[in-house]
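First comes the structure, then the notes that go with it.
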Amino acid sequence: MILDQFLKEKIASLAESVWSLDESAKVLLKNHLTLEKPANKSFGDFATNAAMILSKNLRQNPRVLAEQLVEKLKEEDCFKTLEIAGPGFINMRLSSSFWDKAFAEIFNQKDKFGTSNIGQNEKINVEFLSANPTGPLHVGHSRGAIFGDAVARLLSKIGYDVTKEYYVNDFGKQVDVLAESVYWRYEELFGRHKGESIPEGRYPGDYVIPVAQSIKDLDGDQWLDKTDWLEYFKAKSIEQMLKLIQSDAAKLGIKFDVFTSEKSLVEDGAVDKAVQQMQDMGLLYKGILPKPKGEETEDWAPVEQTLFRAKDFGDDGDRVILRSDGSKTYFTSDIAYHVNKFDRGFHQMVDIFGADHGGYVKRLKAAVKALTNAQATLDIALCQVVSLQKDGKPFRMSKRAGNFVLVDDILDEIDADAFRLFMLTKSADSQMSFDLAKTKEQSKDNPVFYIQYASARTYSVLNTYEKIFGVMPTEKDLDMHLYANANETERELIQKMLGLTHIVEVSAQNKAPHLLAGYLYEIASLFHSIWTLGAKGGHRFVDANNMEQTRKNLALVMAVQQVLKNGLEILGITAKTQMSRELPAE
RNA sequence: GCGCCUGUAGCUCAGCUGGAUAGAGUGUCGCCCUCCGAAGGCGAAGGUCGUGAGUUCGAAUCUCGCCAGGCGCGCCA
């Protein structure tokens with residue numbers, strides 16, 4: 001049973017019967033009915049707007065309608081009090097026994113608590129990260145990577161059959177540059193380029209050197225003074241870069257189900273096939289693009305090319321599919337790639353892009369719509385940039401310059417779980433700044449540890465129990481009928497914990513893991529509050545002289561533990577059972 | 001010029017897709033450790049929700065116009 005849903009359905013069905021609603025009113029009710037926690041606790045556990053949204057449709061004063069509905073609701077035994085307030089809100093308080101029953105669900109479902117089946121096991125493809133295989137991951141990649149992974153986890157928790165996918169851009173010019181850089185380093189290993197630094201335009205980073213070394217180890221000097229090394233070096237370099245990226249991703253807790261190579265799509269003819277398909281569907285024509293607005297471009301020339309009618313499908317303009325010389329663009333293979341996903345049975349796709357690719361969104365959506373006859377939906381979420389700072393000063397990243405900060409470097413300083421949580425605490429739409437120095441602090445300035453601390457404290461209670469009684473408490477030692485005697489904060493905590501499923505759904509559907517992160521923070525906060533009561537009024541979780549209360553307290557503690565664990569797990573974070581004992585450096 | 005994103009407390013950000021008195025953290029100022037971990041808790045102060053209209057019982061939230069910042073507007077990937 002999902003609490004919110006249960007009550008909402010109950011209210012909706014009673015409303016329908018009491019007012020014998022017509023179809024349009026039912027739709028109105030379905031779309032706008034809310035069940036929410038009132039801002040002011042004294043109003044009750046929940047409030048609904050049912051009477052207000054229907055007042056226009058039924059041509060009746062909302063307060064009168066509310067009275068009629070309340071009469072009907074009174075017949076249900078789950079409500080303790082029902083009141084009409086303000087313009088027509090119905091405030092309700094649920095009976096303690098109903099809360100207890102709902103609370104017990106946490107223990108019935110355990111690790112599954114928080115999941116639902118909105119997705120109905122439908123296949124959905126989440127593509128993210130997809131960094132060019134030309135170097136290790138840096139901070140700039142990490143936000144999208146962590147965000148994408150969290151979105152994928154969220155979707156699977158609400159019942160989708162999720163595939164996490166990485167698109168490997170192993171076909172463009174940048175991998176040529178990579179191979180050239182490796183070759184230069186390879187020559188260097190044989191004593192060439194003495195006193196020179198790597199030429200402008202190549203990748204200067206040190207990560208290139210081990211690749212060159214491995215080729216030297218394997219093949220010796222056989223590629224020196226040759227001309228046909230490019231393809232071989234490319235293949236070797238990409239292979240090793242992908243390994244590097246995968247290992248970096250793994251350190252962030254990210255594992256992909258599928259890697260799809262752009263090169264292989266081209267070589268298998270998938271791209272040609274997609275072009276042919278577009279041709280057959282009448283989506284292409286020969287034409288000349290207008291001169292681009294905005295910045296002056298010098299190399300623009302009015303040449304005739306093969307264009308896709310993207311404008312007919314919601315894009316701002318038509319897009320090049322084949323250049324005047326017949327070669328394909330990056331967009332062309334990306335279209336083929338999305339058709340490929342569709343052919344693999346994904347009718348729902350999610351792409352996670354960096355904000356700098358925002359201009360690409362419309363054309364890709366247009367292409368998917370056109371080529372699948374609107375059978376597939378493509379949802380693209382943008383991640384805003386992380387501006388990196390160090391001690392408050394901006395820190396520029398440039399892959400070409402080689403002075404970027406690697407994920408690896410960061411993980412030397414900060415725990416991967418903490419890094420993930422930090423990235424997920426803020427909305428993907430916000431341009432966040434990431435201060436290395438500050439994140440390193442791990443002091444109370446850093447909110448990341450707050451949730452983990454709450455988790456650790458729940459384990460600490462159980463350890464205390466063990467110290468006193470010699471065994472860890474099990475479910476038999478718990479009393480789940482605690483609502484009636486609970487204090488205000490405890491009731492708030494119980495109510496909030498039961499909202500996990502709802503939050504997970506909302507976070508998943510909005511692709512907003514930060515909502516879940518914020519929720520967990522609130523759970524932690526309430527628990528910390530209760531914890532500290534012990535210092536004031538003698539509130540002890542474990543009290544050998546009051547076993548009746550202890551059994552209730554343990555139920556609460558273990559529920560908190562379960563909720564934090566489940567919630568953190570969705571964000572890809574392991575709940576801590578104990579904090580490290582290192583004190584923060586002064 | 002056009003498109004997307006953002007603008008909420010001194011600072012960093014939430015605000016559950018229209019609800020009642022707008023919230024946290026941090027910073028400032030007070031309290032609370034003979035105590036299951038004080039990496040914590042309690043309280044005070046701090047707001048014309050960028051701005052002007054509109055939609056309605058009701059707007060930080062939806063619509064439109066301005067203002068400011070970020071990103072993008074090739075046949076690059």
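Fair warning: this is a prediction, and the values are worked out from it, not measured in the lab. Throughout, protein chains are lettered first and strands after them, A, B, ... in sequence-line order, and every chain is numbered starting at 1.
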Any strand is fair game: report the nucleotide pairing with [N] by Watson-Crick or G-U wobble, both distances under 3.5 Å, or none.
N	result
B:rA53	B:rU63
B:rC4	B:rG70
B:rU48	none
B:rU34	none
B:rC76	none
B:rA9	none
B:rA22	none

Please list, pair by pair, any protein nitrogen or oxygen found under 3.5 Å from a nitrogen or oxygen in nucleotides 60-65 of chain B.
none

Contacts of A:Asp318 meeting salt bridge (Lys or Arg N to Asp or Glu O under 4.0 Å) (sequence neighbours excluded), chain-then-number -> none

Applying salt bridge (Lys or Arg N to Asp or Glu O under 4.0 Å), can you list everything that pairs with A:Asp272, at least two apart in sequence or on another chain? A:Lys328

For RNA chain B, determine which residues of residues 452-463 of chain A have any heavy atom closer than 4.0 angstrom to one of its atoms, and list them numerically.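 Residues of residues 452-463 of chain A under 4.0 Å from RNA chain B: A:Tyr453, A:Arg457, A:Ser460.
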
Syn/anti label of B:rG74 as read from its glycosidic torsion, with the cut at 90° from 0: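 Syn conformation here, the glycosidic angle of B:rG74 being no more than 90° from 0.
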
Suppose we screen for ring-ring contact (aromatic ring centres under 6.0 Å, His included). Which residues come up paired with [X], at least two apart in sequence or across chains?
X	answer
A:Tyr167	A:Tyr337
A:Tyr465	A:Phe469
A:Tyr453	A:His528
A:Phe527	A:Phe541

Any pair with a residue in residues 352-368 of chain A that passes side-chain hydrogen bond (donor to acceptor under 3.5 Å, both in side chains), sequence neighbours left out, goes on the list, sorted by first then second residue, please. A:Asp316-A:Lys362, A:Asp334-A:Tyr360

Give every residue pair that meets the side-chain hydrogen bond (donor to acceptor under 3.5 Å, both in side chains) criterion with at least one member in residues 506-516 of chain A, sequence neighbours excluded.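 Of all non-adjacent pairs touching residues 506-516 of chain A, those that pass side-chain hydrogen bond (donor to acceptor under 3.5 Å, both in side chains) are A:Asp379-A:Lys511.
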
Residue-phosphate contact under 4.0 Å: [X] side-chain N/O, [N] OP1/OP2:
X	N	result
A:Trp531	B:rA38	yes
A:Thr532	B:rC33	no
A:Arg363	B:rC4	no
A:Tyr450	B:rU26	no
A:Ser427	B:rC13	no
A:His32	B:rU17	no

Hey, what are the protein-to-nucleotides 44-47 of chain B N/O distances that come in under 3.5 Å?
none

More 5' along RNA chain B: A:Ser55 or A:Thr48, using each one's nearest nucleotide?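 By nearest-heavy-atom nucleotide position, the 5'-most residue is A:Thr48.
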
Do any side-chain atoms of residues 32-39 of chain A form donor-acceptor pairs under 3.5 angstrom with protein atoms, and if so which ones, sequence neighbours left out?
residue	atom	partner	partner atom	Å
A:Thr34	OG1	A:Asn49	OD1	3.3
A:Thr34	OG1	A:Asn49	ND2	3.1

Would you state whether a donor and an acceptor, one from the side chain of A:Gln384 and one from the base of B:rG70, lie under 3.5 Å apart? no

Measure from CG on A:Asn91 to C1' on B:rG19 and round the result to the nearest Å. 11 Å

Does any donor atom in the side chain of A:Asn132 or A:Thr134 lie under 3.5 Å from an acceptor atom in the other side chain?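 Per modelled atom types, A:Asn132 and A:Thr134 side chains form no pair under 3.5 Å.
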
